[in-house]
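Chain A is the first sequence line, chain B the second, and so forth, proteins listed ahead of strands; every chain is numbered from 1.
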Protein chains: 2
Amino acid sequence: MLNPLLKLTKRTEYGLIALLHLVDREGEIVSVREVGDRYPVPRRLLAETLKDLGRAGIVESQRGAGGGYWLARPAEAITLGEIVAALEGAPSLTSCQDLGAARTDGECDVQEVCPIRSPLTRLRQGIWALLEGTTLRSLANTSLHPTALFSSAQAVVAPLGPAGQGEDPAA
Amino acid sequence: MLNPLLKLTKRTEYGLIALLHLVDREGEIVSVREVGDRYPVPRRLLAETLKDLGRAGIVESQRGAGGGYWLARPAEAITLGEIVAALEGAPSLTSCQDLGAARTDGECDVQEVCPIRSPLTRLRQGIWALLEGTTLRSLANTSLHPTALFSSAQAVVAPLGPAGQGEDPAA
DNA sequence: GGGATTGAGCACCAATTGGGTGCTATTTGG
DNA sequence: CCAAATAGCACCCAATTGGTGCTCAATCCC
């Protein structure tokens with residue numbers, strides 16, 4: 001059994017495949033059929049996924065014969081984080097906190113004494129920053145390198161403490 | 001429904017809680033009962049989790065009355081990645097590749113035409129590097145800062161392309 | 001030595017989640 | 001009017017995860 005920590009759901013996988021295809025056909029209208037013919041993916045799920053992306057404003061669509069999907073924005077203005085959020089919802093690393101949302105019902109069952117909440121929250125933000133710093137364009141163009149990726153992630157996690165101080169990285 | 005992308009299983013959550021408690025009591029023997037009394041967590045699952053951590057060589061244990069668990073190594077020599085790997089298995093970002101393992105059966109159903117495999121693999125490695133760069137000590141001591149975290153992650157993802165070249169990080 | 005305490009090892013059940021499909025309505029082009 | 005194609009549900013099935021029962025083995029204390 002392999003770790004789901006970094007797992008993407010099939011929906012997101014299929015969504016990425018579709019989106020990358022849309023990047024390839026930027027400026028044109030692409031039907032679900034076309035994408036489904038190209039990749040051995042359940043056509044129906046692909047359709048569901050594109051509907052979700054449409055509702056999220058990442059793609060636009062036109063119904064009827066000759067209809068299909070296209071990117072709502074240029075590929076460099078669409079981030080991986082946005083895509084994942086659209087297809088899987090907002091991120092949460094531990095189950096005991098959703099940044100104030102849905103606090104009405106169950107609440108964190110580890111409550112006040114939960115010692116992992118704070119540090120993991122920061123880590124989650126760092127990871128999320130990585131996703132936000134990766135654009136659909138950079139995914140499409142493998143030769144491009146997500147350099148800005150780290151500067152943004154660093155900006156999020158760095159405030160943890162003063163840089164290059166006591167801790168020994170060589171340990 | 002919130003995104004499982006960064007989700008940790010309850011096992012890992014409980015494991016982290018237990019480990020942080022062990023850090024707090026470094027040098028002493030801590031029983032499952034003690035941890036279970038401190039945090040509102042299913043004592044039994046906590047026990048299962050500690051067993052797993054023991055099998056992974058992260059903690060050591062002693063049976064019998066007065067027995068319990070303690071860290072097998074200093075907290076700065078235990079990484080979050082290691083913990084997660086022990087409790088959830090090795091990481092995989094997309095389902096279509098597990099680094100060569102389990103290639104006998106299903107194989108990647110998107111096969112050769114899978115366009116997301118390469119870029120996401122690299123992203124996964126970057127995220128994993130973040131986890132590997134975070135020590136249990138840094139989690140325990142919130143004031144400590146995971147600075148080395150980014151240098152290691154950068155080392156993994158940077159090879160994507162020549163460093164500090166064409167791309168504009170300020171974009 | 002005997003009993004209480006505590007971890008080890010399995011097997012197993014129950015609840016949630018995710019993958020996937022059926023069906024119908026609506027829009028659009030020919 | 002018919003065919004193509006998206007929109008919107010509702011639903012089922014398989015897989016994973018959360019959680020528990022039971023038994024055995026080691027250790028301490030009396």
Side-chain angles (χ1 to χ4, degrees), chain A residues 1-5 7-15 17-18 22 28-37 40-57 59-70 72 84 87-89 92 94-96 105-106 109-110, chain B residues 1-5 7-15 17-18 22 28-37 40-56 59-70 72 84 87-89 92 94-96 102 105-106 109-110:
Chain A
M1 178 48 40
L2 290 181
N3 169 8
L5 172 69
K7 186 179 81 173
L8 295 179
T9 62
K10 293 287 181 186
R11 252 190 178 75
T12 303
E13 276 187 49
Y14 299 158
I17 290 175
L22 290 187
E28 305 175 47
I29 295 187
V30 180
S31 68
V32 171
R33 169 183 298 267
E34 176 180 330
V35 181
D37 283 343
V41 163
R43 209 170 288 185
R44 187 62 191 288
L45 257 191
L46 211 55
E48 289 302 316
T49 301
L50 280 167
K51 289 181 200 174
D52 291 337
L53 291 173
R55 280 185 278 259
V59 300
E60 293 179 345
S61 61
Q62 175 156 5
R63 295 205 271 191
Y69 294 90
W70 61 92
V84 170
L87 295 176
E88 311 194 14
S92 72
T94 69
S95 65
C96 60
D105 42 43
D109 55 344
V110 197
Chain B
M1 176 48 40
L2 290 182
N3 169 9
L5 172 70
K7 185 179 84 173
L8 296 179
T9 61
K10 292 287 182 185
R11 253 191 178 72
T12 304
E13 275 188 49
Y14 299 158
I17 290 176
L22 290 187
E28 304 176 45
I29 295 186
V30 180
S31 68
V32 171
R33 170 183 296 269
E34 177 181 330
V35 180
D37 282 343
V41 162
R43 209 170 288 185
R44 188 60 191 289
L45 257 191
L46 212 55
E48 287 307 313
T49 301
L50 280 167
K51 289 182 200 173
D52 291 338
L53 291 174
R55 280 186 277 260
V59 301
E60 293 179 345
S61 61
Q62 176 157 5
R63 296 206 268 191
Y69 295 91
W70 62 91
V84 170
L87 296 176
E88 310 194 15
S92 72
T94 70
S95 66
C96 60
D105 43 44
D109 55 343
V110 197

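- A 6.0 Å sphere centred on CZ of A/Arg33 holds no more than 12 heavy atoms belonging to other residues, nucleotides or ligands.
- Rounded to a whole Å, the CD1 atom of B/Ile29 is 10 Å from the P atom of C/dG7.
- Between C/dG20, C/dT28, D/dG19, one nucleotide has an atom nearer to the side chain of A/Gln62 than all others, and that is C/dT28.
- When all heavy atoms are compared, the tightest approach of A/Arg43 to A/Val32 is O-CG1, 3.6 Å.
- Straight-line distance from the CD atom of A/Glu34 to the C1' atom of D/dA4: 15 Å, rounded to whole Å.
- Put simply, CZ on A/Arg43 is 10 Å from P on D/dA5, counting in whole angstrom units.
- Taking NZ of A/Lys10 as the reference point, atom CD1 of A/Ile17 lies at 9.0 Å (rounded to 0.5 Å).
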Shorter than 3.5 Å, N or O on both sides, protein versus nucleotides 10-12 of chain C: list them out with atom names.
unit_1 : atom_1 : unit_2  : atom_2 : d
C/dC10 : N4     : B/Glu48 : OE2    : 3.2

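- Per the geometry, CG belonging to A/Leu87 stands 13 Å off C1' belonging to C/dG18, to the nearest Å.
- Rounded to an integer number of Å, the gap from A/Tyr14 OH to C/dG18 P is 14 Å.
- Here the nucleotide nearest the side chain of B/Arg33, chosen from C/dT6, C/dG19, C/dG7, is C/dT6.
- With hydrogens and angles disregarded, no donor-acceptor distance shorter than 3.5 Å links the side chain of B/Glu88 to the backbone of B/Thr12.
- Taking atom CG of residue B/Asp52 and atom C1' of nucleotide D/dG19, one finds them 14 Å apart after rounding to whole Å.
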Does the pair B/Val30 and B/Tyr69 meet the rule for a side-chain contact (heavy atoms from CB on, under 4.5 Å), with working shown? CA-CA 5 Å; B/Val30 180; B/Tyr69 295 91; 5.6 Å; no
One pair to check against side-chain contact (heavy atoms from CB on, under 4.5 Å): A/Leu87 and A/Thr49. What are the steps and the verdict? CA-CA 7 Å; A/Leu87 295 176; A/Thr49 301; 3.8 Å; yes
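- Between B/Arg63 atom CZ and C/dG7 atom C1' the separation is 6 Å, expressed in whole Å.
- Ranked by how close their nearest DNA chain D nucleotide is to the 5' end, A/Val30 and B/Gly67 are led by A/Val30.
- When the side-chain nitrogen and oxygen atoms of A/Tyr69 are compared with OP1 and OP2 of D/dA5, none of them lie within a distance under 4.0 Å.
- Nearer to the 5' terminus of DNA chain C, by closest-nucleotide assignment, is the contact made by B/Ala47 (compared with the other of A/Arg11 and B/Ala47).
- Among the heavy atoms of the strands lying under 4.0 Å from A/Gly68 are primed sugar atoms or P, OP1, OP2 only; no base atom is included.
- Taking the side chain of B/Ala65 as heavy atoms from C-beta on, and the options D/dC28, C/dG20, D/dG18, the nearest nucleotide is D/dC28.
- Atom CG of A/Leu50 and atom CG of A/Leu45 lie 11.0 Å apart (nearest 0.5 Å).
- For A/Thr9 and C/dT17, the shortest distance from a side-chain N or O to OP1 or OP2 is not below 4.0 Å.
- Remark: P of D/dT20 and CG of B/Leu45 are 7 Å apart, rounded to the nearest angstrom.
- Between C/dT6 and B/Ser61, no contact under 4.0 Å exists linking OP1 or OP2 to a side-chain N or O.
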